[in-house]
Amino acid sequence: MSYINEVLELVEKKYPAELEFKQAVTEVFESLRVVIEKDEAAYRRDAILERLVAPDRQIAFRVNWVDDAGNIQVNNGYRVQFNNALGPYKGGLRFRDNVNLSIIKFLGFEQVFKNALTGLPIGGGKGGSDFDPKGKSDREIMAFCQAFVTELSRYIGADIDVPAGDIGVGAREIGYMYGQYKRLTSEFTGVLTGKGIPYGGSLARTEATGYGLLYFTDAMLKANGLSFEGKKVSISGSGNVAIYAAQKAYELGATVIAMSDSAGYIVDESGIDLELIKELKEVKRARISEYVTTKPGAKYVAGGSIWEVKVDVALPCATQNELHLEDAKALVANGCLAVAEGANMPTTMDATHYLQENGVLFAPGKASNAGGVATSQLEMAQNSARLKWTFEEVDAKLKTIMENIFKQAHEAAVKYDKPTDYVLGANVAGFEKVVEVMRIHGV
Ligand code: GLU
């Protein structure tokens with residue numbers, strides 16, 4: 001049996017219930033066949049794949065906190081330190097009710113290759129909790145964040161493991177966690193990123209994932225003789241990634257006509273009013289359905305799939321497995337030119353294959369959404385140097401990093417004779433960097 005199949009079987013046997021983790025591993029390993037099969041004996045001897053699928057360390061802990069009614073609540077907390085070949089573990093924290101070990105492991109596994117692609121010295125990790133900030137009071141969120149970090153603080157550090165935000169963790173949560181870390185350790189270091197600007201955060205970090213997605217997608221379109229100018233775009237989600245992706249899409253001459261949240265989607269053919277979305281989502285923390293109250297010309301569809309809307313470019317920016325085969329078929333039937341992932345693994349594997357087989361340009365999240373973590377590393381660099389760069393300096397570095405990630409994915413795809421297969425290109429380029437250093441460091 002081929003080495004890849006052996007390790008895929010091993011993963012199946014050891015972690016039968018970890019669906020998202022198995023999906024992420026399968027997606028990466030399938031595209032690595034071209035590389036591994038050229039030198040199978042050496043990869044097998046060094047147990048490279050077994051070492052890549054087993055995190056260096058996975059920490060699970062209990063988080064007790066007191067709600068507003070005076071009752072004690074209990075949640076699960078996780079930090080998976082996946083691989084630190086290239087630098088300190090780096091990756092976000094996700095707070096959402098569906099968080100479990102499989103989801104954190106899939107995110108951590110992806111993060112290793114994503115962080116390698118940035119070309120910056122960061123390893124990969126991920127963490128989170130099944131605590132959902134939605135509907136909680138500010139005091140409850142503070143209580144949870146303090147309890148969570150009280151345990152997490154044992155395992156992290158500016159040169160060890162540097163968490164950040166992800167779904168459910170934004171500036172407010174990072175602020176409460178940073179405050180508690182500082183109280184516990186007396187240290188003022190870059191132990192978390194996504195911090196507020198007044199206490200060590202980096203300008204442009206908030207915008208970075210969305211902007212980075214557009215820089216990558218723009219490079220991909222241009223390499224294929226296309227551009228954003230005059231194109232119609234749909235963006236799933238209405239969180240941080242979606243909002244700043246939309247902003248940059250407008251700057252590049254496109255019109256964003258559809259956005260969504262977990263309850264439904266809106267279509268505004270005249271172009272979505274981003275200021276209104278920001279007001280609804282960032283200030284009022286309301287549902288996207290309220291958009292049509294102010295804009296009666298727009299349409300709200302409860303439930304349903306945003307991918308039914310006819311667009312030139314689709315940007316899934318919500319969560320994993322949100323774009324299925326039937327959605328891919330709808331996009332192809334409507335003449336969609338490109339799909340670029342702003343979220344982590346939003347497209348199922350069969351949908352990805354269908355899009356690629358039907359000539360749709362496809363940007364995998366581990367390459368196209370790497371702008372967030374890359375800018376987190378720029379935040380770490382500023383913290384270590386006790387300096388602050390301007391918005392323009394950070395944004396210019398982000399753009400260069402994203403163009404360079406595209407270049408690496410493109411060159412690796414060309415090398416293996418699949419010039420527009422950026423899934424293959426990103427996986428191979430990230431993998432080669434991590435493995436080279438794993439070998440250098442010995443066992
Ligand atoms: N959660 C983001 C990601 O998926 C950012 C991680 C970070 O900034 O460390 O890459």
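As the structure lists them, so they are numbered: ligands from 1, and atoms in each ligand from 1.
Surrounding NZ of Lys136 are more than 12 heavy atoms belonging to other residues, nucleotides or ligands, all under 6.0 Å away.
Geometric assessment of Arg439 against the ring of Tyr43 yields a positive cation-pi assignment under the 6.0 Å and 45° thresholds.
The protein non-hydrogen atom at the shortest distance from atom 8 (O) of ligand 1 is Ser376 OG, 2.5 Å. Here the heavy atom of the protein found nearest to atom 9 (O) of ligand 1 is Lys90 NZ, 2.7 Å. In this structure, the protein non-hydrogen atom closest to atom 3 (C) of ligand 1 is Lys114 NZ, 3.4 Å. Among protein heavy atoms, the minimum distance from atom 6 (C) of ligand 1 is reached at Gly92 N, 3.5 Å. At the top of the distance list for atom 5 (C) of ligand 1, counting protein heavy atoms only, stands Arg205 NH2, 3.5 Å.
Ring geometry, Phe21 versus Tyr15: the interplanar angle exceeds 60°, so the pair is classed perpendicular (tilted spans 30 to 60°).
Look at Glu110 and you'll find every heavy atom at least 4.0 Å from all atoms of ligand 1. Not a single heavy atom of Arg94 sits less than 4.0 Å from an atom of ligand 1. Residue Gln377 places every heavy atom at 4.0 Å or more from ligand 1. Under the 4.0 angstrom criterion for non-hydrogen atoms, Gly165 is in contact with ligand 1.
Interface of Ala164 with ligand 1, defined as ligand atoms under 4.0 Å from a residue heavy atom, comprises 7 (C), 8 (O), 9 (O). Listed by number with element, the atoms of ligand 1 under 4.0 angstrom from any heavy atom of Lys126 are 1 (N), 3 (C), 4 (O). Short contacts between ligand 1 and Asn344, defined as distances under 4.0 Å to a heavy atom of the residue, involve ligand atoms 4 (O).
Put simply, the residue from Phe406, Tyr416, Phe362 that forms a ring-ring contact (aromatic ring centres under 6.0 Å, His included) with Tyr422 is Phe406. Looking at Tyr181, Tyr199, Tyr178 one by one, the single match for ring-ring contact (aromatic ring centres under 6.0 Å, His included) with Phe188 turns out to be Tyr178.
Under a 3.5 Å cut-off, the side chain of Lys90 and the backbone N or O of Val162 do form a donor-acceptor pair. A donor-acceptor pair under 3.5 Å links the side-chain atoms of Ser137 to the main chain of Glu140, judged by distance alone.
Of the inter-residue distances, the one linking Leu315 atom CG with Glu341 atom CD reads 10.5 Å to the nearest 0.5 angstrom.
The pair Lys182-Glu187 does not count as a salt bridge, with every side-chain nitrogen at least 4.0 angstrom from each carboxylate oxygen.
With a 4.0 Å heavy-atom cut-off, ligand 1 is reached by no atom of Thr375. With a 4.0 Å heavy-atom cut-off, ligand 1 is reached by no atom of Glu379.
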